[in-house]
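A short write-up of the structure that comes next.
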Amino acid sequence: MNIGILNSGGDCPGLNAVIEGAVAAATARGWKVYGFFDGFEGLLSTPDNERWKILTPENCHNIRSMGGTILGTVNKGNFTVKSGVDGRAQIAQDVLDRSKATVERLGLSALIVVGGDGSQTIGLELRQIGLPIVGVPKTIDNDLGATDYTFGFWTAVSVVSMNLDRLRTTAYSHQRMMVVEVMGRHAGWIALYGGIAGGADVILIPEIEFTLEDIVRKVELLKALGQREIIVVVSEGARIGGRLLTLDEETKGEVRLGGIAAFLSTKLETITGIETRYCVLGHTQRGGSPIPFDRVLGVRCGAKAISLIEEGKFGHTVALNRIDMVSMPIEEAVRSLHLVGTDSQLVDAAKEMGISFGDAQERTL
Ligand code: F6P
């Protein structure tokens, strides 16, 4: 049997582990694996311009430890990627036809799509024209309703935590406030876990409305208690007065988020008089080697995708349910986002630690 695999959307530590896991499990069954380059674009291969390579246990040996993806990925191009629960993929008919022609020409019995909600929605469209799709959920933001955790998320949390440790020592030395912007478009998981682990004083996330006044109150309280350094962690998707801060107004695909740390830094310095710097961790959270948890989860996702193919469960995605790999229909998987519960135990635990969410609800010290 021949099968294909592609990555789509933003990269994420652990993608190579998924590829290695899938290739190992497929090869053990005597199957041949086509790895498509640059996301769905690889499906637009022609005999004159092939955009795939055969993946083997030899050429995938130990790639589980490598960041990025050996296949490349795109979040733009001929297959419109739009994220969000209501995001709809709109793929031109000739692009659908050419994709189907490639799958038939290579004799593929299945195609594994490793991607976020936008990419899985594209997978669903391909499924509707008869392609045998199996999904693997992917996002650094950990905001997919399908699965308890996505690979790459805990690596990002580690990067945030490590950087907060570093930023705190310099902030302490200079008696400064640091505003640190982290990834998280719809959900504040990275800010929340990274901030708790790294000792943030204030965590601002898309799910919890905050005000400048409440942040200032917390900062002034800490100063009055003699704390030299103040660390504020903010998700790029957090809204200020209901407004998202963006780097451009791009409409095809996703808007590029960014700028909230710079904005808050200026405001907070002006109001409090405390010297403030900001730091955008950006793509450092997505690059580099996956931590062990993400390697293991990635390998398991790849192997589980192969068992779904074996069972003929097309139109399904793999998912992590507590400690087990399970599956669910892709439609169901993209239906809802996995957001931080505003009254969840995790948020309560952070509040117990004295962390403010800028919402006037924190415990006073
Ligand atoms: O969705 C994952 C994500 O990392 C977001 O957190 C971020 O807004 C976006 O991708 C960045 O995308 P790009 O790599 O296109 O700048």
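Both counts, for ligands and for their atoms, begin at 1 and track the order of listing.
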In plain terms, say whether Asp97 and Lys100 are close enough for a salt bridge, that is, a side-chain N and a carboxylate O under 4.0 Å apart. no
Closest approach of any protein heavy atom to atom 16 (O) of ligand 1, naming residue and atom: His283 NE2, 3.2 Å
Around atom CZ of Phe210, are there more than 12 heavy atoms from other residues, nucleotides or ligands closer than 6.0 Å? yes
Give a yes/no verdict on a cation-pi contact between Arg51 and Phe37, requiring under 6.0 Å between NZ or CZ and the six-membered ring centre and an angle within 45° of the axis. no
Can Asn62 and Ser65 be counted as having a side-chain donor-acceptor contact under 3.5 angstrom? no
Write out the residue and atom name of the closest protein heavy atom to atom 5 (C) of ligand 1, then the distance separating them to 0.1 Å. Glu236 OE2, 3.3 Å
Please state which protein non-hydrogen atom is closest to atom 1 (O) of ligand 1 and give its distance, to 0.1 Å? Asp141 OD2, 3.6 Å
Flag if over 12 foreign heavy atoms under 6.0 Å of CZ, Arg29: yes
Those atoms of ligand 1 less than 4.0 Å from some heavy atom in Arg286: 3 (C), 4 (O), 9 (C), 10 (O), 11 (C), 12 (O), 13 (P), 14 (O)
Hey, are Arg105 and Glu50 close enough for a salt bridge, meaning a charged N less than 4.0 Å from a carboxylate O? yes
Mind checking whether Val296 and Tyr149 sit in one hydrophobic cluster, side chains of I, L, V, M, F, W, Y counted as touching below 4.5 Å? no
Taking the non-hydrogen atoms of Arg256, is any one of them nearer than 4.0 angstrom to ligand 1? no
Heavy-atom contacts with Gly184 under 4.0 Å: which atoms of ligand 1 show up? List them by number with element. 6 (O)
Residue-ligand contact Gln285/ligand 1, heavy atom below 4.0 Å: no
In ligand 1, the atoms that come under 4.0 Å of a heavy atom of Arg185 are 8 (O)
What is the closest protein heavy atom to atom 15 (O) of ligand 1, and at what distance does it sit? Asn75 ND2, 3.0 Å
Counting from 1 in the order shown, the ligand 1 atoms closer than 4.0 Å to a non-hydrogen atom of Met183 are 4 (O), 6 (O)
